Amino acid sequence: YFRYALSLRGIENYEKSDKIMQKFNDQKPNDRRGKAFLSKVDYRSAIEELSRDDIELDNLDINTQFSDFGTAEYANGIVFASARGGGRKYRWNEEPYLDLYLAEKTENGFGEVIEIEGKVNTKFHESSAVFSPNGQYMFFTRNNFYKRRYKEDETGINRLQLYRAALNEDGAWGDIHKVHFNSEDYSVAHPALNKSGTRLYFASDMPGTFGQSDIFVVEVYEDGSLGEPENLGASINTEGQESFPFIDTNGNLFYSSTGFPGLGGMDVFKSEGLDQKVGSGIYRNLPVVNVGKPVNS
């Protein structure tokens with residue numbers, strides 16, 4: 001019922017979607033996704049009020065017919081994941097495996113797109129890079145492929161993992177290490193750093209997760225090592241899928257979720273000032289709002 005309701009939203013059949021979501025809630029009355037829907041039955045009006053008519057979305061010239069996503073600012077440009085590289089195809093979507101690419105900003109947009117230099121890209125997926133404030137190291141997502149060894153869990157699935165790379169003197173990325181809480185049994189992905197580089201946010205389905213994947217936070221020490229991950233809790237995470245966190249310069253958390261009332265399968269949501277509240281240890285029961293149109297659709 002829940003997946004059917006999301007599919008109906010995807011074709012803008014909101015009236016029927018709401019009826020199916022009601023059936024979902026009747027079947028699983030303790031599921032917070034249904035409770036969130038019931039608490040905001042008129043959610044579309046609320047989203048309209050939060051929508052902005054002063055924002056325009058432009059499709060960048062650097063996009064291709066393949067997947068292009070997961071953007072981070074770096075130096076005088078952006079780094080992003082793309083399947084444009086050719087080579088063997090990933091069997092889940094019949095596109096080439098993802099690599100990380102760099103595009104420099106120009107007066108008219110972006111210039112030539114090139115592969116990021118160094119040993120980051122492999123024959124498997126790399127995506128979702130984020131860079132330390134001093135530009136000396138980055139965290140990124142890769143398949144569980146390290147030192148030429150490809151590993152799967154007990155069900156035959158190769159999980160996503162987080163890696164850290166350091167910038168060499170020649171401007172290439174190397175010295176790649178796994179983060180200590182990676183596992184063959186769950187995924188850890190999509191890193192985001194706060195402005196000071198002292199906290200890393202990421203998505204995972206590790207033990208302690210409420211749903212398909214949750215947003216976690218971990219302290220980053222001066223040497224680039226990491227502390228122990230902490231789940232951001234039930235006000236941020238649901239029984240659905242939460243992913244792709246981003247912390248802006250004001251400490252606001254933006255992320256994607258299927259668990260709150262929205263316009264499509266995944267919408268972007270915001271929790272204002274979350275990073276400062278994590279620092280104070282008080283971040284439970286935080287309000288989460290849909291950022292509205294035109295970001296969501």
Side-chain angles (χ1 to χ4, degrees), residues 50-87 95-122 125-142 163-174 176 189-201 243-256 263-264 266-270 272 275 291-297:
L50 294 166
S51 296
R52 302 273 297 271
D53 57 11
D54 60 337
I55 295 175
E56 291 186 10
L57 299 183
D58 295 317
N59 197 323
L60 298 180
D61 291 338
I62 60 175
N63 286 322
T64 65
Q65 69 194 70
F66 301 104
S67 297
D68 303 287
F69 71 96
T71 304
E73 290 188 310
Y74 174 67
N76 185 38
I78 58 172
V79 170
F80 62 97
S82 178
R84 69 185 64 201
E95 285 192 359
Y97 278 80
L98 297 163
D99 283 326
L100 289 172
Y101 291 83
L102 172 67
E104 290 193 359
K105 294 178 183 177
T106 66
E107 292 183 2
N108 300 317
F110 293 93
E112 181 185 5
V113 176
I114 60 173
E115 275 196 55
I116 196 167
E117 293 187 34
K119 299 180 179 179
V120 170
N121 289 332
T122 66
H125 288 307
E126 286 79 30
S127 74
S128 305
V130 65
F131 299 87
S132 62
N134 63 12
Q136 293 304 300
Y137 62 86
M138 75 167 167
F139 294 96
F140 66 98
T141 307
R142 180 195 282 169
Y163 295 80
R164 193 190 73 180
L167 189 65
N168 298 329
E169 292 182 358
D170 60 0
W173 293 96
I176 296 170
H190 311 311
L193 285 166
N194 65 356
K195 182 180 179 181
S196 61
T198 56
R199 290 188 199 93
L200 182 77
Y201 296 81
S243 196
F244 300 109
F246 172 77
I247 297 287
D248 70 10
T249 55
N250 294 319
N252 302 317
L253 169 69
F254 294 83
Y255 66 107
S256 297
L263 299 176
M266 265 193 162
D267 275 13
V268 177
F269 294 84
K270 175 184 178 182
E272 193 159 347
D275 188 60
V291 302
K293 301 174 183 177
V295 173
N296 293 324
S297 64

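Nothing here was measured: the structure is a model prediction, and the numbers come from that model. Throughout, numbering of the chain's residues begins at 1 and tracks the sequence.
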Handout entry: Note, P294 side chain near S51 side chain (heavy atom, < 4.5 Å)
Key = no
Practice task
Indicate yes or no for a side-chain donor-acceptor contact from N250 to the backbone of N252 under 3.5 Å, with no hydrogens or angles considered.
Solution key: no
Practice task
State, with a plain yes or no, whether a side-chain heavy atom of Y137 is found less than 4.5 Å away from one of L167.
Solution key: no
Exercise for the section: Answer yes or no: is there a side-chain heavy-atom contact under 4.5 Å between D275 and Y201? Expected result: yes
Problem - Pairwise side-chain contact, M138 with I116, heavy-atom cut-off 4.5 Å (strictly under) - result: yes
Exercise for the section: Return the orientation label for the F254 and F246 ring planes: parallel under 30°, perpendicular over 60°, tilted otherwise. Expected result: tilted
Completion exercise
Given the options Y74, F110, F80, L102 meets side chain to side chain contact (heavy atoms under 4.5 Å, CB included) only with Y74
Exercise for the section: Go through the side-chain N and O atoms of S132 and N134 and say whether any donor and acceptor fall under 3.5 Å apart. Expected result: yes
Handout entry: R199 vs I247 side-chain heavy atoms within contact, under 4.5 Å
Key = no
Problem - Donor on one side chain, acceptor on other, Y101 and D68, under 3.5 Å - result: no
Problem - H190 and T141: CA distance, side-chain angles, deciding distance, side-chain contact (heavy atoms from CB on, under 4.5 Å) verdict - result: CA-CA 6 Å; H190 311 311; T141 307; 4.3 Å; yes
Exercise for the section: Kindly give the heavy-atom pair with the smallest separation between V113 and A103, and that separation in Å. Expected result: CG2-CB, 4.0 Å
Practice task
Give the ring-plane orientation class for F140 versus Y163, where under 30° counts as parallel, over 60° as perpendicular and anything between as tilted.
Solution key: parallel
Handout entry: Heavy-atom donor-acceptor pair, N168 side chain to D170 backbone, under 3.5 Å
Key = no
